[in-house]
Amino acid sequence: MSSEICLTSSDSEVPSEPESARAVARRQLRRAAGFVDIDPNVVERLEDPTAVHEVTVPVERDDGTVETYTGYRAQHNSVRGPHKGGLRFHPDVSREECIGLSMWMTWKCAVMDLPFGGAKGGVVVDPTELSADEAERLTRRFTEELRPVIGPNTDIPAPDMGTDAQTMAWIMDAYSMQEGETRPGVVTGKPPVVGGSYGRQEAPGRSVAIVARKTLDYYDRPLSETTVAVQGFGSVGANAARLLDEWGADVVAVSDVNGAIYDPDGLDVGAIPTHEERPGAVTEQPGEVVDNETLLGLDVDLLAPCAVGNVITADTVDDVRADIVVEGANGPTTFEADTVLAERGVPVIPDVLANAGGVTVSYFEWLQDINRRAWSLERVNEELRGEMETAWNAVRDAYERAPEATWRDAAYVVALERLSEAHEARGLWP
Ligand code: NAD
């Protein structure tokens with residue numbers, strides 16, 4: 001990699017209008033390409049997805065009427081292996097969003113050195129308005145529409161917003177019934193009883209905690225003297241907070257959509273029910289109730305935004321007082337805020353590394369399915385630790401080689417170098 005920084009102004013300029021996920025992903029790609037000695041033809045190929053499938057999904061509602069929904073599957077790049085990425089059921093799903101998120105999956109898989117490329121898809125639907133039977137019919141018909149383009153060796157979906165292990169079990173069943181044989185490897189994030197992996201659900205939060213520990217170590221900050229604020233006490237945030245607490249950190253604030261609970265002496269996070277266990281429980285805990293914006297501005301050592309995207313923005317970044325930010329959610333820091341934090345010297349460990357435990361244990365699940373042999377939880381967690389530490393070390397090396405790069409740039413550089421080498425080795429067909 002070149003240690004010369006050669007960014008063009010358009011790559012680093014702050015956009016005046018909010019951009020689509022696809023535009024942001026392209027901007028980040030071009031910026032990262034400025035740090036690497038990479039063939040521009042490879043960057044050109046990475047700017048667009050290989051394919052975007054759009055399907056119409058007719059579903060019979062419980063009252064006998066038929067409603068049609070639009071579904072997408074964007075497949076960005078498969079130079080390193082089959083496409084991999086989530087399927088979301090959400091009213092805001094769009095073609096452009098799926099493309100942008102599929103690009104991020106390509107970088108995430110490459111940072112983790114997994115033999116996958118990026119994909120993302122979903123259905124434009126509010127899943128809270130569907131009965132369980134309607135959700136099952138929607139999932140099965142969507143699977144049938146996508147069947148020609150997904151499969152254990154081509155494109156492997158996983159849960160995302162509005163979908164869960166049950167959705168994956170339905171997809172596996174619908175696909176397997178039509179293929180004439182049980183094919184668990186077509187999706188990951190399934191229940192363990194049908195080929196899911198132990199530890200899959202906890203994996204993104206676990207990876208956030210592992211990456212936070214490595215980062216604190218890098219900056220010579222003992223975990224036992226570290227205060228932590230976690231926004232979002234859901235699957236990612238609660239697992240990250242509980243592990244950091246277990247390893248000796250002082251978790252002083254956690255939040256859910258209703259607000260945050262703060263105790264400067266440390267919270268008993270093991271006793272706080274997660275969003276899934278009891279929604280709304282966070283603000284009923286002992287401590288001072290503050291709002292989510294206040295949590296972002298707490299004077300803590302480490303801030304982990306683990307709820308939703310775009311929370312550290314041009315409007316909120318000046319309030320952030322944490323010394324280190326570790327991104328548990330996807331895209332919590334906007335481009336503008338990233339620039340401000342970089343100028344202030346606040347390290348932001350990016351989502352593509354920090355929450356990549358999810359796709360990494362999905363990879364383990366896929367291996368277990370192919371081999372028809374389940375791993376123990378201990379083995380999953382141990383292998384995850386190894387993969388996260390290896391990836392963190394690769395990103396650290398890239399960070400140290402390019403003095404002007406942020407941690408996000410460094411992660412993209414690692415991904416881009418691997419993608420570029422794979423493209424150059426394979427060449428362009430025909
Ligand atoms: P979740 O639904 O389990 O939990 C989300 C938490 O955030 C809940 O506590 C909810 O109350 C809170 N929340 C919702 N809106 C909020 C808001 N506006 N302000 C503050 N808090 C809010 O979700 P999750 O699976 O933990 O996912 C959280 C983030 O992590 C998302 O960005 C997701 O894309 C990302 N992520 C999830 C996984 C995964 O496998 N679960 C993997 C990688 C990344």
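Sequence positions, counted from 1, serve as the residue numbers for this chain. First listed ligand is number 1; within each ligand, the first listed atom is number 1.
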Which protein heavy atom lies closest to [atom], and at what distance to 0.1 Å?
atom	value
atom 40 (O) of ligand 1	P204 CG, 3.4 Å
atom 12 (C) of ligand 1	V257 N, 3.7 Å
atom 9 (O) of ligand 1	F233 N, 3.3 Å
atom 23 (O) of ligand 1	S235 N, 4.4 Å
atom 4 (O) of ligand 1	G234 CA, 3.2 Å
atom 43 (C) of ligand 1	N355 CG, 3.6 Å
atom 31 (C) of ligand 1	A307 O, 3.3 Å
atom 2 (O) of ligand 1	H275 CD2, 4.0 Å

Distance under 4.0 Å to a non-hydrogen atom of [X]: what atoms of ligand 1 satisfy this?
X	result
C306	28 (C), 29 (C)
A329	29 (C), 30 (O), 32 (O), 35 (C)
D256	9 (O), 11 (O), 20 (C), 21 (N)

Answer yes or no: is there a side-chain heavy-atom contact under 4.5 Å between [X] and [Y]?
X	Y	value
Q285	P273	yes
T406	D338	no
I150	I156	no

Open item on the list: Is the distance from the ring center of Y412 to that of W104 below 6.0 Å?
Closed with: no

Task: ligand 1 to Q231 polar contact by distance, N or O atoms, under 3.5 Å - done: no

Open item on the list: S255 versus ligand 1: do any nitrogen or oxygen atoms come within less than 3.5 Å of each other?
Closed with: no

TODO: Using a strict cut-off of less than 4.0 Å between a Lys/Arg side-chain nitrogen and an Asp/Glu carboxylate oxygen, indicate whether R88 and E97 qualify as a salt bridge.
DONE: yes

Open item on the list: Taking the basic N atoms (NZ, or NE/NH1/NH2) and the acidic carboxylate oxygens, is any pair closer than 4.0 Å for D369 and K190?
Closed with: yes

Task: side-chain contact (heavy atoms from CB on, under 4.5 Å) against S224, all qualifying residues, sequence neighbours excluded - done: P222

Task: Inter- and intrachain pairs under ring-ring contact (aromatic ring centres under 6.0 Å, His included), touching residues 341-364, at least two apart - done: F116-Y363, F364-W375

Task: Short side-chain to backbone donor-acceptor contact, Q75 and P49, under 3.5 Å - done: no

Task: Heavy-atom nearest neighbour of atom 20 (C) of ligand 1 within options V236, V254, N292 - done: N292

